2 protein chains.
Amino acid sequence: MAEIFMIGDLARLTGTKIPTIRYYEEINVMPRTERAANNRRIYTKKHLERLTFIRHCRDLGFSLNEVRALLGFADHPAQSCAKVDNIARNHLQDVEQKIAALSILKSELDRMINQCEGGTIAKCRIIEVLADHSLCKDHGNNL
Amino acid sequence: MAEIFMIGDLARLTGTKIPTIRYYEEINVMPRTERAANNRRIYTKKHLERLTFIRHCRDLGFSLNEVRALLGFADHPAQSCAKVDNIARNHLQDVEQKIAALSILKSELDRMINQCEGGTIAKCRIIEVLADHSLCKDHGNNL
DNA sequence: CCTTGCTCCTATAGTTACTTTAGCATGTAT
DNA sequence: ATACATGCTAAAGTAACTATAGGAGCAAGG
């Protein structure tokens, strides 16, 4: 087999733009590869898998630094799982907060659209909702 | 009353860094304010509300351009609803998409975390899950 | 044989939404 | 009087790309 891929193949197969792949190489998230006689990058299935991993992490909202950490864990499987778990848990909390806030916003938007029938937006609740800091994290505000 | 705030007060009350507030002024998302004799910015409750609004929008994942649009609603409350109904609907769609994406993300994170039960990374399913491209969007991969 | 078109290359600049740093002025407390 | 906190401006740095400029290699069509 020893299937090989050009950069365009990887781009297509992972839904990544070509300059992004080159960028990942530059910042050492993807390794430097062998080059063909014409100087083009040559990739293997290993590279395809690594890029898939990276993109999946990015889609899930992990930062490239977190991805670097996760890639490091993957390379040293004897380590404790706790760190990986921690990254994931922190991230989950963040996501849950955002879902909760967006759900409230959605119902307000729904209501606003239904209420706004020929009037002015002076009575629209959206501005109020978005300005309502009871939905926000507490910043120690004790006015 | 006529409560006034210095930039540091606004920062504390909204959880925004001071340079960020000045940045918002520079890009005209926050207005230029009056200055005290010593050249310091003077804010009122109006400004506090506007900044709270902006930060809430940002927390919810709206871009600054979208925030500008939403502020447009707030700044012209006498406008006809018909003129902005479309924008509102787009925002709703946007919010619905974000909720959907985040919900998928949440269930994946849940699953990842539940499959990790201490021990070493060798058995940690988080890494496996992240590498599993069957969970990814299809990019037309027909290998 | 030459041109068109596709994919690739490097290098550089632009984007968004901030954050950090440098250097200095002013206001408050001891 | 002297720390120390708070504010000012201007400029550079950060993350994670995205876009643009300019050029090379190679296959197929006229």
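Here the structure is a predicted model, which means the values were calculated and not measured. Note on naming: letters A, B, ... go to the chains in the order of the sequence lines (proteins, then strands), and numbering restarts at 1 for each one.
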A/Phe62 CZ to D/dC17 C1', in whole Å, measures 19 Å
Whole Å only: how far is the CD atom of A/Glu34 from the P atom of C/dC9?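 Distance check: A/Glu34 CD to C/dC9 P gives 14 Å.
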Please list each protein N or O that sits under 3.5 Å from an N or O in nucleotides 13-15 of chain D, with the distance.
none

For A/Thr44, give me all partners under side-chain contact (heavy atoms from CB on, under 4.5 Å), at least two apart in sequence or on another chain.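 Partners of A/Thr44 by the side-chain contact (heavy atoms from CB on, under 4.5 Å) criterion, ordered by chain and then number, come out as A/Lys46, A/His47.
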Residues two or more places apart in sequence or in another chain: which of them pass side-chain contact (heavy atoms from CB on, under 4.5 Å) with B/Glu66? B/Phe62, B/Ser63, B/His91, B/Asp94, B/Lys98
Under 4.0 Å from OP1 or OP2 of [N]: is there any side-chain N or O of [X] that close?
| X | N | value |
| --- | --- | --- |
| B/Arg55 | C/dA17 | no |
| B/Tyr24 | C/dC18 | yes |
| A/Lys17 | D/dA16 | no |

Can you see which heavy atom on B/Ile18 is nearest to which on B/Gly8, and at what distance?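 Closest heavy-atom pair between B/Ile18 and B/Gly8: CD1-CA, 4.0 Å.
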Please tabulate the protein-to-nucleotide N/O contacts below 3.5 Å involving nucleotides 2-7 of chain C, giving atom names and distances.
unit_1, atom_1, unit_2, atom_2, d
C/dT7, O2, A/Arg40, NH2, 2.7

With a 4.5 Å heavy-atom cut-off, do A/Lys106 and B/Ile99 have their side chains touching?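 Yes, close enough: below the 4.5 Å cut-off.
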Check residues 19-37 of chain B and write down every donor-acceptor pair under 3.5 Å in which the side-chain atom is one partner and the other belongs to a residue at least two apart or another chain.
unit_1, atom_1, unit_2, atom_2, d
B/Tyr24, OH, B/Arg55, NH1, 2.7
B/Glu25, OE1, B/Arg41, NE, 2.7
B/Arg35, NH1, B/Asn39, O, 2.7
B/Arg35, NH1, B/Asn39, OD1, 3.3

Could you go through nucleotides 10-13 of chain C and list every protein N or O atom that sits under 3.5 Å from one of its N or O atoms, giving the distance for each pair?
unit_1, atom_1, unit_2, atom_2, d
C/dT10, OP1, A/Arg35, NH1, 3.2
C/dT10, OP1, A/Arg35, NH2, 3.0
C/dT10, OP2, A/Arg41, NH1, 3.0
C/dT10, OP2, A/Arg41, NH2, 2.9

